[in-house]
Amino acid sequence: MGGGSGQQIVTWTPDKGSSSALWWLREAHHDDVQPTGSPIECGTKVRLTHLETQRNLHTHGIPSALSRAQEVTGYGENGVGDGGDDWVVECSTKYWKRGQKVRLLHVDTSRYLAGSANVKYTTQNCGGGCPILNHLEAFGRKQKDEYSVFKVELGILLSK
């Protein structure tokens, strides 16, 4: 399903065990490649590539479909994209750790990656045969609040 930009939209799946929920954490666009397993310091710029589609987590100034906040999409081909794929890791310790709360701040637009149970794809807004029924909309948000807090549950893999 495409968004206002025509790019592939990103959603949060209710099935945490789904392979569609897996992202590959990589170096930011034009940054040096880090060895696999290197710790990620809070404040580091990163890029996330969706494992199934090989598109990067991306945002820009286009309104999202449901919340009308900032649209978040999958952009690029085979992990190649642009600077709109770069995010800064915000966390409370020196390094980002699995299970720890984290925020991702978009470098170009200064919007936080967010999601809310109040912004869900339903049969009313997506139709009866909706492939993303009950998924939450991913969106960019100015506020640093509970909607912009995430945690890694399965692990982190850096490219080499």
Does Gly127 offer a backbone N or O that forms a donor-acceptor pair with the side chain of Thr123 under 3.5 Å?
no
Any donor and acceptor pair, going by atom type alone, linking the side chain of Trp24 with main-chain N or O of Gln54 inside 3.5 Å?
no
Ignoring hydrogens, what is the shortest heavy-atom contact between Asp86 and His106? Give both atom names and the distance.
O-CD2, 3.4 Å
Carboxylate-amine/guanidinium proximity below 4.0 Å for Lys120 and Glu137
no
For Arg103 and Val149, indicate whether the former's side chain and the latter's backbone hold a donor-acceptor pair under 3.5 Å.
no
Looking at Lys101 and Cys91, what are the two nearest heavy atoms and their distance?
O-CB, 4.0 Å
Work out which heavy atom in Ser116 is nearest to a heavy atom in Phe139; give both atom names and the distance.
N-CE2, 3.9 Å
Test item: Tyr112 and Asp145 side chains (from C-beta on) under 4.5 Å apart, heavy atoms:
no
Determine whether Leu136 and Val102 fall in the same hydrophobic cluster, where Ile, Leu, Val, Met, Phe, Trp and Tyr are linked whenever their side-chain heavy atoms lie under 4.5 Å apart.
yes
With side chain to side chain donor-acceptor pair (under 3.5 Å) as the test, pick out the partner of Asp85 among Arg26, His58, Arg55.
His58
Compute whether any side-chain donor of one residue and acceptor of the other, for Ser148 and Arg141, lie under 3.5 angstrom apart.
no
Is there a side-chain contact between Leu48 and Leu104 in this structure, where contact means two heavy atoms from C-beta onward sitting under 4.5 Å apart?
yes
Parallel, tilted or perpendicular: ring planes of Trp23 versus His50, cut at 30 and 60 degrees
perpendicular
Over all atoms of both residues, closest heavy-atom pair of Val10 and Gly74:
CG2-N, 3.6 Å
Nearest heavy atoms of Gly140 and Val72, plus distance in Å:
N-CG2, 3.6 Å
Under a single-linkage definition using a 4.5 Å side-chain heavy-atom cutoff for Ile, Leu, Val, Met, Phe, Trp and Tyr, are Val46 and Val107 assigned to the same hydrophobic cluster?
no
Under a plain distance cut-off of 3.5 Å, with no hydrogens placed, do Thr73 and Glu71 share a side-chain donor-acceptor pair?
no
